[in-house]
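Data first, discussion second: the structure below is written as structure tokens.
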Amino acid sequence: MSIVCCEEEFSRECKAHGLDEADILDKYDETLKVILDIDGVMQNMPHEIADNAAAKDRIEVSVSFVSEDSIKQLNLDYRGKDSITDVLSFPMISTREEFNPEYDVDLGFCDKIMLGDVVICLARASKQAADIGQSLSREVVYLFIHSVLHLLGMDHIDEADKEMMRSFEKKVVKKLYG
């Protein structure tokens with residue numbers, strides 16, 4: 001498992017917001033491992049990924065930190081919402097057919113399996129962290145957890161899905177922070 005990011009941008013944004021970039025990357029890596037090991041999280045992924053430890057080890061996620069203006073534009077362009085948000089997820093496996101566990105996926109031709117892109121607005125995350133009285137680092141990790149679950153096919157559109165997603169988020173946070 002690995003995290004891909006533009007190192008210069010990532011480093012600059014971490015410093016600008018007082019985050020320890022090595023700690024964040026370590027937490028992201030640990031988060032991926034925890035998420036992929038929790039029973040039921042991978043239920044929507046093709047079985048070649050969900051049931052294969054070697055495939056899980058090849059999973060990659062791209063992470064970017066962006067400004068409020070940038071995330072607002074992305075939100076408008078891709079979701080039709082003209083507002084600032086804290087995080088966006090762009091899955092690489094995105095159709096219902098692909099999420100069917102019976103979908104036939106040949107993973108033998110690639111070294112890495114890109115789940116997708118996570119885009120975090122640190123300015124918004126910072127405001128949210130202050131509002132709920134937690135560290136920015138923990139809020140950023142929570143947003144990453146939330147986004148990775150989206151990349152794995154979870155959503156919170158209806159109440160049942162929302163409860164299931166929140167349950168997984170709580171399990172991951174508990175494993176990471178106790």
Side-chain angles (χ1 to χ4, degrees), residues 1-10 12-14 16-17 19 24 27-28 31-32 35-36 38 40-46 49-50 59-103 105 110 112-132 134 136-173:
M1 287 168 268
S2 61
I3 308 300
V4 178
C5 58
C6 172
E7 289 182 36
E8 184 179 310
E9 170 194 311
F10 189 80
R12 182 181 62 245
E13 289 298 311
C14 282
H17 288 86
L19 294 172
I24 292 293
K27 275 292 191 209
Y28 282 175
T31 298
L32 270 180
I35 288 173
L36 297 177
I38 291 179
V41 170
M42 300 287 286
Q43 67 187 359
N44 291 325
M45 294 303 290
I49 298 173
I59 286 178
E60 237 177 34
V61 174
S62 169
V63 180
S64 298
F65 290 145
V66 298
S67 68
E68 287 181 323
D69 288 341
S70 294
I71 206 153
K72 182 178 180 181
Q73 189 63 52
L74 287 168
N75 205 17
L76 179 61
D77 291 347
Y78 292 97
R79 299 180 66 227
K81 297 186 178 197
D82 190 16
S83 60
I84 297 169
T85 189
D86 50 7
V87 66
L88 291 169
S89 306
F90 298 97
M92 295 297 276
I93 300 174
S94 60
T95 68
R96 280 286 138 217
E97 182 179 83
E98 288 170 324
F99 279 130
N100 182 330
E102 302 305 315
Y103 185 73
V105 177
C110 56
K112 298 290 182 181
I113 302 163
M114 177 57 83
L115 281 185
D117 301 304
V118 172
V119 180
I120 298 173
C121 177
L122 283 177
R124 178 54 61 104
S126 181
K127 290 175 191 171
Q128 289 172 181
D131 288 348
I132 59 176
Q134 74 177 10
L136 176 56
S137 177
R138 187 168 172 151
E139 179 67 7
V140 168
V141 171
Y142 170 77
L143 294 174
F144 181 71
I145 293 166
H146 184 84
S147 279
V148 170
L149 292 175
H150 277 306
L151 296 179
L152 292 169
M154 291 187 187
D155 218 321
H156 44 81
I157 294 170
D158 66 37
E159 199 56 39
D161 289 342
K162 183 178 181 177
E163 285 180 29
M164 183 174 74
M165 190 168 177
R166 296 292 180 250
S167 171
F168 282 116
E169 288 170 349
K170 287 177 184 176
K171 285 178 186 177
V172 176
V173 168

### Query
Step by step, would you call Val148 with Leu36 a side-chain contact (heavy atoms from CB on, under 4.5 Å)?
CA-CA 10 Å; Val148 170; Leu36 297 177; 5.9 Å; no
### Query
Roughly how far apart are Arg124 CZ and Ser83 OG, rounded to 0.5 Å?
8.0 Å
### Spatial distance of atom OG1 (Thr85) from atom CG (Leu76) [nearest 0.5 Å]
13.0 Å
### Query
Can you name the residues that form a side chain to side chain donor-acceptor pair (under 3.5 Å) with Ser137, not counting sequence neighbours?
none
### Summary
Taking every heavy atom of Leu122 against every heavy atom of Leu136, the minimum-distance pair comes out as O-CD1, 4.3 Å
### Task
Test Leu115 against Leu152 for side-chain contact (heavy atoms from CB on, under 4.5 Å), laying out the working first.
CA-CA 7 Å; Leu115 281 185; Leu152 292 169; 3.8 Å; yes
#### Entry: Residues forming a side-chain contact (heavy atoms from CB on, under 4.5 Å) with Arg138, sequence neighbours excluded
Gln134, Ser135, Val173, Tyr177
### Query
With sequence neighbours left out, what residues match Asp155 under side-chain contact (heavy atoms from CB on, under 4.5 Å)?
His150, Ile157
### Summary
Taken in chain and number order and not counting sequence neighbours, the residues that satisfy side chain to side chain donor-acceptor pair (under 3.5 Å) with Ser70 are Ser67
### Point-to-point distance, once rounded to the nearest 0.5 Å, from CG of Leu19 to CZ of Phe10
8.0 Å
## Note on the structure
Contacts of Asp77 meeting side chain to side chain donor-acceptor pair (under 3.5 Å) (sequence neighbours excluded), chain-then-number -> Gln73
### Query
Mind checking what makes side chain to side chain donor-acceptor pair (under 3.5 Å) contact with Glu169, not counting sequence neighbours?
Tyr142, His146, Arg166
#### Entry: Value rounded to 0.5 Å, distance of SG in Cys121 from CG in Leu74
10.5 Å
#### Entry: side-chain contact (heavy atoms from CB on, under 4.5 Å) against Asp117, all qualifying residues, sequence neighbours excluded
Ser62, Phe90
### Task
With sequence neighbours left out, write down each residue that passes salt bridge (charged side-chain N to carboxylate O under 4.0 Å, His left out) with Glu68, or none if nothing qualifies.
Lys127
### Query
Excluding sequence neighbours, so at least two apart, what forms side-chain contact (heavy atoms from CB on, under 4.5 Å) with Asp131?
none
#### Entry: Set of salt bridge (charged side-chain N to carboxylate O under 4.0 Å, His left out) partners for Lys171, sequence neighbours left out
none
#### Entry: Side-chain (Glu9) to main-chain (Phe65) donor-acceptor, under 3.5 angstrom
yes
